[in-house]
There are 2 protein chains.
Amino acid sequence: MQVVKSKKRRLEIIKDIITSQKISNQSDMLQPLHKAGIEVTQATLSRDLKYLKIAKVPDNNGNYIYTLPKEDNLGRTQQYSPVLDVHPQVGLGGFLSIDFSYNLAIIKTSPGFAGSIAYDIDTGNSPEILGTVAGDDTILIVIGENVSHKRAYEVLAEYIPALRSY
Amino acid sequence: MQVVKSKKRRLEIIKDIITSQKISNQSDMLQPLHKAGIEVTQATLSRDLKYLKIAKVPDNNGNYIYTLPKEDNLGRTQQYSPVLDVHPQVGLGGFLSIDFSYNLAIIKTSPGFAGSIAYDIDTGNSPEILGTVAGDDTILIVIGENVSHKRAYEVLAEYIPALRSY
DNA sequence: TCACAACTTGCATAATTATTCTATATGATA
DNA sequence: TATCATATAGAATAATTATGCAAGTTGTGA
């Protein structure tokens with residue numbers, strides 16, 4: 001999907017710009033983006049900033065500066081959860097299937113695997129995933145209101161290797 | 001020093017309002033200020049917010065909320081924690097955070113606390129709350145059909161003291 | 001393939017926020 | 001008290017940001 005790909009890249013670049021220089025309004029951010037080969041309008045940038053939860057904060061010098069939320073800077077070095085050698089069912093880590101329904105996702109696993117997968121998802125603290133409840137072979141996942149199924153899938157794929165090969 | 005005195009008071013009240021309710025734009029803040037006996041224009045409020053370093057931050061529900069800077073802003077670039085439905089803070093009783101998604105709420109707790117909190121909610125028999133499912137550190141709450149998030153929050157606050165301070 | 005749903009984005013503009021300009025007031029100092 | 005520097009805040013407006021709408025795209029399923 002071409003569009004999404006470039007959007008992902010754009011969001012990454014926006015985060016880079018935010019963290020590496022002092023941007024005090026959205027127009028000023030269009031220039032660095034242009035240098036990075038990205039052409040968007042202020043409207044799109046406004047939406048991106050909202051999506052990334054980037055805020056315009058008064059600084060100590062009487063100006064305003066856009067800053068990332070705390071979590072994105074600190075934690076969140078997307079580490080993939082190690083699953084493979086711990087369990088049988090090599091290659092899938094117990095994962096069997098995933099389905100979405102509105103703001104819910106249901107993951108089916110081999111018996112006994114739900115808890116550990118749910119744990120990985122929970123400890124990832126992804127803002128898109130509000131939380132999980134796990135039984136023995138089923139995980140109920142509650143997704144945030146403005147998160148698409150596709151986005152939720154991408155996030156979950158960070159924690160479930162089997163999803164990445166789909 | 002009449003003017004300064006009332007300004008100081010106003011700034012305190014603004015901080016109170018910011019921490020106790022969800023304000024998403026400056027106009028909306030003029031009403032609570034009025035109730036507190038303070039009459040100012042949006043222009044002055046804008047200056048006050050800048051002075052207090054209060055920022056308008058995108059939250060998890062597709063809205064914007066004004067928030068105070070984190071306490072540790074004693075120096076450099078300030079970081080804002082993203083606005084959850086409620087900030088996880090030094091919550092007592094094991095409570096960590098709450099988020100809403102349509103007819104569901106997810107409460108995160110310290111490990112082992114989910115059950116007891118869920119028990120309190122369940123035994124409260126509030127008609128707005130249909131039921132809960134609790135794991136070890138997560139509670140899934142199903143909310144009735146015509147119950148707003150705000151209303152649900154109020155009801156839950158009856159059982160979760162930590163919610164009442166927001 | 002076709003129809004339909006979901007996503008993305010620009011344009012235009014609405015909505016919101018910041019600031020300039022001005023007036024008034026306060027505090028300090030001689 | 002007179003004078004000056006500083007502070008405060010409203011009105012108007014500039015500047016900035018958010019969003020409704022429409023168009024184009026992509027994904028999905030019959």
Side-chain angles (χ1 to χ4, degrees), chain A residues 1-14 18 22-31 33-34 37-59 61-67 98-103 105 128 143-155 157 163 166, chain B residues 1-14 17-18 22-31 33-34 37-59 61-67 83:
Chain A
M1 200 200 288
Q2 167 62 7
V3 176
V4 169
K5 212 167 202 171
S6 72
K7 183 183 178 185
K8 259 193 169 180
R9 192 172 103 82
R10 189 180 67 232
L11 293 177
E12 287 305 316
I13 291 175
I14 286 173
I18 289 297
K22 297 189 178 184
I23 303 292
S24 59
N25 63 55
Q26 296 177 6
S27 303
D28 287 354
M29 205 182 309
L30 294 180
Q31 311 311 321
L33 277 174
H34 177 68
I38 292 188
E39 291 294 343
V40 287
T41 60
Q42 172 268 326
T44 297
L45 185 52
S46 172
R47 294 183 182 107
D48 287 349
L49 295 177
K50 184 176 187 178
Y51 181 81
L52 294 170
K53 303 204 192 328
I54 291 173
K56 189 183 184 183
V57 184
D59 70 4
N61 302 324
N63 301 312
Y64 296 85
I65 292 185
Y66 279 93
T67 65
I98 183 169
D99 287 282
F100 292 88
S101 176
Y102 300 102
N103 60 329
E128 294 89 348
I143 304 165
E145 285 197 353
N146 292 308
V147 179
S148 69
H149 290 176
K150 181 169 44 169
R151 176 62 188 149
Y153 185 98
E154 290 167 359
V155 171
L163 288 180
Y166 279 8
Chain B
M1 213 201 270
Q2 168 61 7
V3 175
V4 170
K5 210 169 202 173
S6 71
K7 182 183 179 185
K8 267 192 171 177
R9 190 171 104 82
R10 189 180 66 231
L11 294 178
E12 286 305 315
I13 292 175
I14 287 173
I17 292 172
I18 289 297
K22 297 185 181 182
I23 303 291
S24 60
N25 63 56
Q26 295 177 7
S27 303
D28 286 355
M29 204 182 309
L30 294 180
Q31 311 311 321
L33 278 173
H34 177 67
I38 293 188
E39 291 294 344
V40 286
T41 60
Q42 173 269 325
T44 296
L45 185 51
S46 173
R47 293 185 184 105
D48 287 350
L49 294 177
K50 184 175 186 176
Y51 180 80
L52 293 171
K53 303 205 192 325
I54 290 172
K56 189 185 185 184
V57 183
D59 71 4
N61 299 326
N63 301 312
Y64 296 85
I65 293 184
Y66 278 93
T67 65
V83 179

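Here is how names work: the chains are called A, B, and so on, in the same order as the sequence lines, proteins then strands, and each is numbered from 1. Reckoned from all heavy atoms, side chains included, excluding hydrogens, waters and symmetry mates.
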Taking only side-chain nitrogens and oxygens of A:Arg10, does any of them come within less than 4.0 Å of OP1 or OP2 of C:dT9?
-> yes

Whole-Å distance, B:Asp48 CG to D:dG10 C1', equals 13 Å

To the nearest angstrom, the CD1-P distance between A:Ile38 and C:dT8 comes to 15 Å

B:Lys56 and B:Thr67: CA distance, side-chain angles, deciding distance, side-chain contact (heavy atoms from CB on, under 4.5 Å) verdict | CA-CA 6 Å; B:Lys56 189 185 185 184; B:Thr67 65; over 6 Å; no

Rounded to the nearest 0.5 angstrom, the NZ-CG distance for B:Lys53 and A:Asp59 is 7.0 Å

Give the intermediate values and the outcome of side-chain contact (heavy atoms from CB on, under 4.5 Å) for residues B:Lys50 and B:Arg47.
CA-CA 5 Å; B:Lys50 184 175 186 176; B:Arg47 293 185 184 105; 5.6 Å; no

Separation between CD (B:Gln42) and CG (B:Asp48), nearest 0.5 Å, reads 11.0 Å

Here the gap from A:Ile23 atom CD1 to A:Gln31 atom CD, rounded to the nearest 0.5 Å, amounts to 9.5 Å

Between CG of A:Leu30 and P of C:dT9 the distance, given in whole Å, is 14 Å

A:Leu33 atom CG is separated from C:dT9 atom C1', nearest whole Å, by 14 Å

Q. Between A:Tyr66 and A:Lys22, is there a cation-pi geometry (under 6.0 Å to ring centre, at most 45° from the normal)?
A. no

5' to 3', nucleotides 14-23 of chain C under a 4.0 Å protein heavy-atom cut-off (B base, S sugar-phosphate only, - none) gives --SBBBB---

